[in-house]
2 protein chains.
Amino acid sequence: MQTIGFEKHDHGACIHDTLAKAEASCADTGLRLTAVRRRALEILLAEHRALGAYDLLAVLAEEGLGSQPPVAYRALDFLVKAGFAHKIEALNAYIACAHLGADHTPAFLICRSCRSVAEADTAPAQGRLGDAARDAGFKIEHTVVEAQGLCPACQEIAP
Amino acid sequence: MQTIGFEKHDHGACIHDTLAKAEASCADTGLRLTAVRRRALEILLAEHRALGAYDLLAVLAEEGLGSQPPVAYRALDFLVKAGFAHKIEALNAYIACAHLGADHTPAFLICRSCRSVAEADTAPAQGRLGDAARDAGFKIEHTVVEAQGLCPACQEIAP
DNA sequence: TATCAACTGATACATTATAACAAAAAGGCT
DNA sequence: AGCCTTTTTGTTATAATGTATCAGTTGATA
Ligand SMILES: [Zn+2]
Ligand SMILES: [Zn+2]
Ligand SMILES: [Zn+2]
Ligand SMILES: [Zn+2]
């Protein structure tokens with residue numbers, strides 16, 4: 001699975017395709033991609049960067065889509081539960097899924113300088129973690145894998 | 001490296017040894033394990049469970065070691081920077097290091113029911129993540145690996 | 001013992017997140 | 001369409017987590 005985020009790519013298509021997949025997924029499953037939810041996903045998709053709930057709320061508020069924190073948190077909860085977005089625990093922030101529709105276990109490369117985030121896949125890496133869990137009798141339900149450091153662009157600026 | 005946390009072990013020795021190692025480490029490096037910091041480490045060590053900063057503060061406050069948030073956050077910052085404790089990002093909480101003194105890259109198994117945490121090691125798992133990072137030109141400085149699920153004890157209670 | 005750096009105490013504030021409840025909208029049913 | 005139920009939205013208030021700042025104290029070192 002491709003690591004999406006830092007390299008050049010057709011980002012217009014990236015946004016368009018992801019929205020289309022989200023809509024198709026909702027049509028399939030009966031979930032409702034309402035105006036606020038759809039716009040929230042678009043806002044997250046605009047860049048491959050993590051946005052805080054209040055950053056998202058600020059944009060929604062400008063557009064008259066809601067001005068109180070629950071508006072943002074509800075939209076984010078929906079997107080995360082539907083698998084359309086992920087929470088970056090190390091930043092208390094959120095990012096649109098870059099592999100929407102694919103069955104994947106995301107791993108993130110997070111730039112501490114520009115907050116851009118690339119999404120890779122660590123299913124193989126979790127073999128190791130899975131071994132440790134099995135040995136300990138632990139039942140894994142969800143994993144968080146986040147690497148923090150410097151993206152290619154920021155290494156040149158501040159190496 | 002052993003996964004410490006869920007299995008039976010001599011926890012008294014576990015506490016005692018870790019404190020001794022922390023003291024030795026400070027003696028070596030010139031760091032100062034002051035009263036508040038030492039007590040904070042003891043409190044974290046009491047159980048293999050994650051404590052929030054305000055949970056820690058409540059205990060410190062009872063004991064007259066400080067009553068304002070910065071007291072807890074300063075102690076935690078010190079312990080984390082010194083490698084004596086780790087932050088569990090998914091819980092915004094903190095846990096004493098279970099492998100103090102060993103050069104390790106921690107990975108955590110976090111029980112969503114009882115909040116107990118086992119500390120394993122993922123250096124091998126990060127081979128995969130490292131590959132993805134290298135391919136993307138990303139320079140990893142720190143990694144967060146946290147698996148959430150049910151510990152052995154809680155699987156029996158609420159399976 | 002004078003000096004400087006590190007640590008502590010304390011106030012205030014910033015950021016992130018949730019509880020609770022009423023109103024509105026959407027969807028299913030006859 | 002009219003009625004009923006569920007989901008979503010609007011709003012207020014508050015909880016939980018985390019920092020900035022500055023004054024005072026302590027401790028190492030010269
Ligand atoms: Zn893109
Ligand atoms: Zn960057
Ligand atoms: Zn122990
Ligand atoms: Zn448990």
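All values below come from the heavy atoms of this structure, side chains included, with hydrogens, waters and symmetry mates left out. Protein chains get the first letters and strands the later ones, always in sequence-line order, with residue 1 at the start of each.
- Inter-residue side-chain proximity for L150(B) and S113(B) is flagged as met; some heavy-atom pair is nearer than 4.5 Å.
- Atom P of nucleotide dA6(C) and atom CG of D77(B) are separated by 15 Å, given to the nearest angstrom.
- In this structure, H48(B) has its ring center under 6.0 Å from that of H9(B).
- At the phosphate of dT9(D), OP1 or OP2 sits under 4.0 Å from a side-chain N or O atom of T34(A).
- When each of dT19(D), dG27(D), dT21(D) is scored by its nearest atom to the side-chain atoms of Y73(B), the top-ranked nucleotide is dT19(D).
- Regarding F78(B), its CZ atom lies at a distance of 7 Å from the P atom of dC7(C), rounded to whole Å.
- With contacts defined as side-chain heavy-atom distances shorter than 4.5 Å, the pair L129(A)/L109(B) qualifies.
- For N92(B), a side-chain nitrogen or oxygen approaches OP1 or OP2 of dG18(D) to under 4.0 Å.
- Mapping R32(B) and K87(B) onto DNA chain D by nearest heavy atom places K87(B) closer to the 5' end of the strand.
- You won't find any donor-acceptor pair under 3.5 Å spanning the side chain of R74(B) and the base of dG18(D), going by distance alone.
- Set against dG18(D), dT19(D), dT11(D), the side chain of Q68(A) has dT11(D) as its closest nucleotide.
- Between the CD atom of E89(A) and the C1' atom of dT17(D) there is a distance of 14 Å, rounded to whole Å.
- Nearest-nucleotide mapping onto DNA chain C: of L31(B) and Y94(A), the residue sitting toward the 5' end is L31(B).
- Between Y54(A) and dT15(C), no base-stacking contact is recorded for ring centres under 5.5 Å apart and planes less than 30° from parallel.
- Remark: P of dG18(D) and CG of L76(B) are 9 Å apart, rounded to the nearest angstrom.
- Distance CG (L57(A)) to P (dT18(C)): 14 Å, rounded to an integer number of Å.
- A straight line from CD of E63(A) to C1' of dT9(D) spans 17 Å, rounded to a whole angstrom.
- Between F138(A) and F6(B), the ring-plane angle classifies as parallel under the 30° and 60° cut-offs.
- Residue G64(B) is the one, among P69(A) and G64(B), whose nearest nucleotide of DNA chain C lies closer to the 5' end (criterion: closest heavy atom).
- In this structure, CG of L33(A) is placed 17 Å from P of dT7(D), rounded to the nearest angstrom.
- Aromatic pair H86(A)/F108(A): centroids less than 6.0 angstrom apart.
- Rounded to whole angstrom, the span from the CG atom of L91(B) across to the C1' atom of dA17(C) amounts to 15 Å.
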